[in-house]
Amino acid sequence: MRFVHGIRQVLFLVCFAAIAVPAGAQQTGTLSGVVRDPQGGVLPGVTVSVSSPSLIGGARSAVTGEARAYQLPALPPGAYDVTYELTGFSSLKREGIIVGVAQVTRLDVEMAVGALQETVTVSREWPVVDLSSTTSQTNIDKELLGAIPP
């Protein structure tokens with residue numbers, strides 16, 4: 001009889017734990033999406049950063065990988081500012097993106113090609129000109145002197 005009672009308690013604890021684990025796991029949400037260029041092609045290597053007052057520990061970031069998608073899991077529910085950055089493209093910022101509990105918030109964006117910025121520096125060394133003297137001087141080496149006819 002005590003054995004059956006012990007088994008019931010163990011089963012009760014196992015069932016309670018099975019219910020409590022998913023409930024605890026659902027206290028956060030996920031932000032995911034795809035980043036495309038103006039022609040519709042997906043972009044790899046885009047740094048996606050999220051910031052929010054509800055985010056403990058500061059901003060989080062992810063980089064679009066081989067699948068050209070990003071995913072930021074385990075975000076506390078709240079409003080987020082999302083920033084997208086990639087060399088050669090204009091940075092993009094989306095504000096007020098809501099992430100809910102146990103939800104996947106999908107945010108697909110298109111990044112515009114950035115303005116080409118190029119700096120050209122032209123420098124040249126000019127010969128030194130003496131403006132205070134009117135004399136002209138030339139150095140003649142031995143070979144040139146020997147080549148002059150008598």
Side-chain angles (χ1 to χ4, degrees), residues 1-139 141:
M1 189 74 162
R2 295 180 89 192
F3 179 71
V4 172
H5 183 63
I7 290 178
R8 284 185 190 165
Q9 287 179 342
V10 169
L11 286 175
F12 175 75
L13 290 174
V14 168
C15 290
F16 181 73
I19 292 171
V21 169
Q26 295 180 359
Q27 298 301 315
T28 61
T30 300
L31 179 65
S32 67
V34 175
V35 182
R36 298 183 186 281
D37 65 9
Q39 288 76 32
V42 290
L43 296 173
V46 177
T47 301
V48 182
S49 303
V50 295
S51 61
S52 171
S54 62
L55 191 58
I56 298 172
R60 292 190 196 168
S61 63
V63 177
T64 56
E66 292 178 9
R68 277 47 167 196
Y70 67 93
Q71 185 170 12
L72 291 152
L75 295 174
Y80 288 86
D81 293 340
V82 186
T83 305
Y84 302 87
E85 295 176 325
L86 180 64
T87 303
F89 288 83
S90 297
S91 295
L92 178 65
K93 185 172 185 178
R94 297 290 170 101
E95 297 176 341
I97 305 302
I98 304 296
V99 174
V101 174
Q103 292 181 354
V104 176
T105 302
R106 181 129 179 123
L107 183 60
D108 296 336
V109 296
E110 181 180 299
M111 291 183 72
V113 176
L116 181 62
Q117 294 180 351
E118 196 171 314
T119 303
V120 177
T121 303
V122 179
S123 63
R124 178 174 176 185
E125 292 185 26
W126 297 96
V128 178
V129 177
D130 185 5
L131 299 176
S132 62
S133 175
T134 59
T135 60
S136 176
Q137 296 179 347
T138 304
N139 292 330
D141 63 358

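- Summarising the geometry, atom CG belonging to L31 is positioned 7.5 Å from atom CD1 belonging to I97; distances are rounded to the nearest 0.5 Å.
- Residues M111 and L43 share a closest heavy-atom pair of CB-CD1, 4.2 Å.
- Across all non-hydrogen atoms, the minimal contact from A59 to S51 is CB-CB, 4.2 Å.
- When atom types are taken as modelled, the side chain of S54 and the backbone of A79 share no donor-acceptor pair closer than 3.5 angstrom.
- For the pair S49 and T47, the minimum side-chain heavy-atom distance is below 4.5 Å.
- Judged by distance alone, with hydrogens and angles left aside, the side-chain atoms of T64 form a donor-acceptor pair with the main-chain N or O of G45 at under 3.5 Å.
- Here the OG atom belonging to S52 is positioned 9.0 Å from the CD1 atom belonging to I98, to the nearest 0.5 angstrom.
- When the ring pair (Phe, Tyr, Trp, His ring centres under 6.0 Å) test is applied to Y84, the partners found at least two apart in sequence or on another chain are Y70.
- With T83 contributing its side chain and K93 its backbone, the two residues share no donor-acceptor pair below 3.5 Å.
- Proximity of V113 to D37: side-chain heavy atoms (C-beta onward) are nowhere separated by under 4.5 Å.
- Scanning all heavy atoms of the two residues, the minimum distance from R60 to A74 falls at NH1-O, 2.8 Å.
- The two residues P38 and A112 make their nearest non-hydrogen contact at CG-CA, 4.2 Å.
- Taking both residues in full, the closest heavy atoms of G65 and P44 are given as O-CB, 4.1 Å, listed atom of the first, atom of the second, then distance.
- Partners of Q71 by side chain to side chain contact (heavy atoms under 4.5 Å, CB included), not counting sequence neighbours, listed by chain and number: T30, S32, P73.
- In this structure, A69 and V34 approach most closely via the heavy-atom pair CB-CG2, 4.2 Å.
- Here the side chains of L55 and L75 are in contact, with some heavy-atom distance below 4.5 Å.
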